[in-house]
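Accompanying notes for the structure given below.
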Amino acid sequence: VLNEPGMAAADIGFTDAYAWVADAGSDRLLRVGPAAATSAIELPGMPDQVVVSDDGTVWVRLPDEGTVIGLVLNRPTIAVTAAWTGPLLAGSWQGLVWSSDGEQIVELDPSRLSIGVSVSLGRRVPIGDARRAVRVGDGLVVATDEKVWLLSRGDLDLATVDPARA
């Protein structure tokens, strides 16, 4: 159990080997491994969201700085820092992440943000302002204020989840 004065776990992301905890109380990212072994990575600001992409990059949003940072798993140091203020919703495929601009969800390549936003944005899906998303197998489940959507990987087919049929 992590129990330190001032700790404020804001979010958590997972890889096969670790849990990554955004500690907003101490401006750090905690890597929790087997047998509760923990290491801390100091961050240049307060983290509030953690997303892990399928290539193993851990992306952390620092909202006060208006940036996201990327950490490579085999050497947990900051490898990428880029300007981005949107939420980090979920990992996508091919090292990308899902974010939202308020009207649609967007597939984002944070490592290309330093080149420009237009080259960093991939697929766009107009479903409204996403609150949360989780990648499940070859799909993405996205929750907005009004609906829950299922997005398939291959062709971006959308389906609304009907709780009455679940």
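Residue indices begin at 1 and follow the sequence shown.
The CH2 atom of W98 sits 4.5 Å away from the CZ atom of R123 when rounded to the nearest 0.5 Å.
Here the side chain of R61 pairs a donor or acceptor atom with the backbone of T85 at under 3.5 angstrom. Between the side chain of S120 and the backbone N or O of R112, at least one donor-acceptor pair lies under 3.5 Å.
The two atoms that bring V52 and G13 nearest to each other are CG2-C, 4.3 Å, heavy atoms only. Closest approach of D11 and V50 over heavy atoms only: OD2-N, 2.9 Å. Closest of all the heavy-atom pairs between V97 and P110 is CG2-CG, 3.7 Å. For D23 against A8, the heavy-atom pair with the smallest separation is OD1-N, 3.0 Å. Taking every heavy atom of both residues into account, P63 and D48 meet most closely at CD-OD1, 3.4 Å. Between A82 and L113 the shortest heavy-atom distance is CB-CB, 3.5 Å.
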**OP:** Decide yes or no on side chain to side chain contact (heavy atoms under 4.5 Å, CB included) for V134 and R132, but give the supporting numbers first.
**Re:** CA-CA 7 Å; V134 176; R132 296 288 293 169; 5.9 Å; no
**OP:** Go through the steps to decide whether V80 and W59 satisfy the test side chain to side chain contact (heavy atoms under 4.5 Å, CB included), and finish with yes or no.
**Re:** CA-CA 9 Å; V80 176; W59 294 100; 4.1 Å; yes
Original post:
Going through the distances and angles, do V68 and V60 end up as a side chain to side chain contact (heavy atoms under 4.5 Å, CB included)?
Top reply: CA-CA 5 Å; V68 294; V60 181; over 6 Å; no
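There is no path of hydrophobic side-chain contacts, each under 4.5 Å, that joins V125 to L96. L62 is connected to L71 through a chain of hydrophobic side-chain contacts under 4.5 Å among Ile, Leu, Val, Met, Phe, Trp and Tyr, so both are in one cluster. Criterion: ILVMFWY side-chain heavy atoms under 4.5 Å apart, direct or through other members. Under it, Y18 and I41 are part of a common hydrophobic cluster. L88 is not connected to I78 by any chain of hydrophobic side-chain contacts under 4.5 Å among Ile, Leu, Val, Met, Phe, Trp and Tyr, and they are in different clusters.
Within the 4.5 Å cutoff, side-chain heavy atoms of I127 are placed close to those of V142. A heavy-atom distance below 4.5 Å is not found between the side chains of D55 and W93.
A side-chain donor-acceptor contact under 3.5 Å links S99 and W84.
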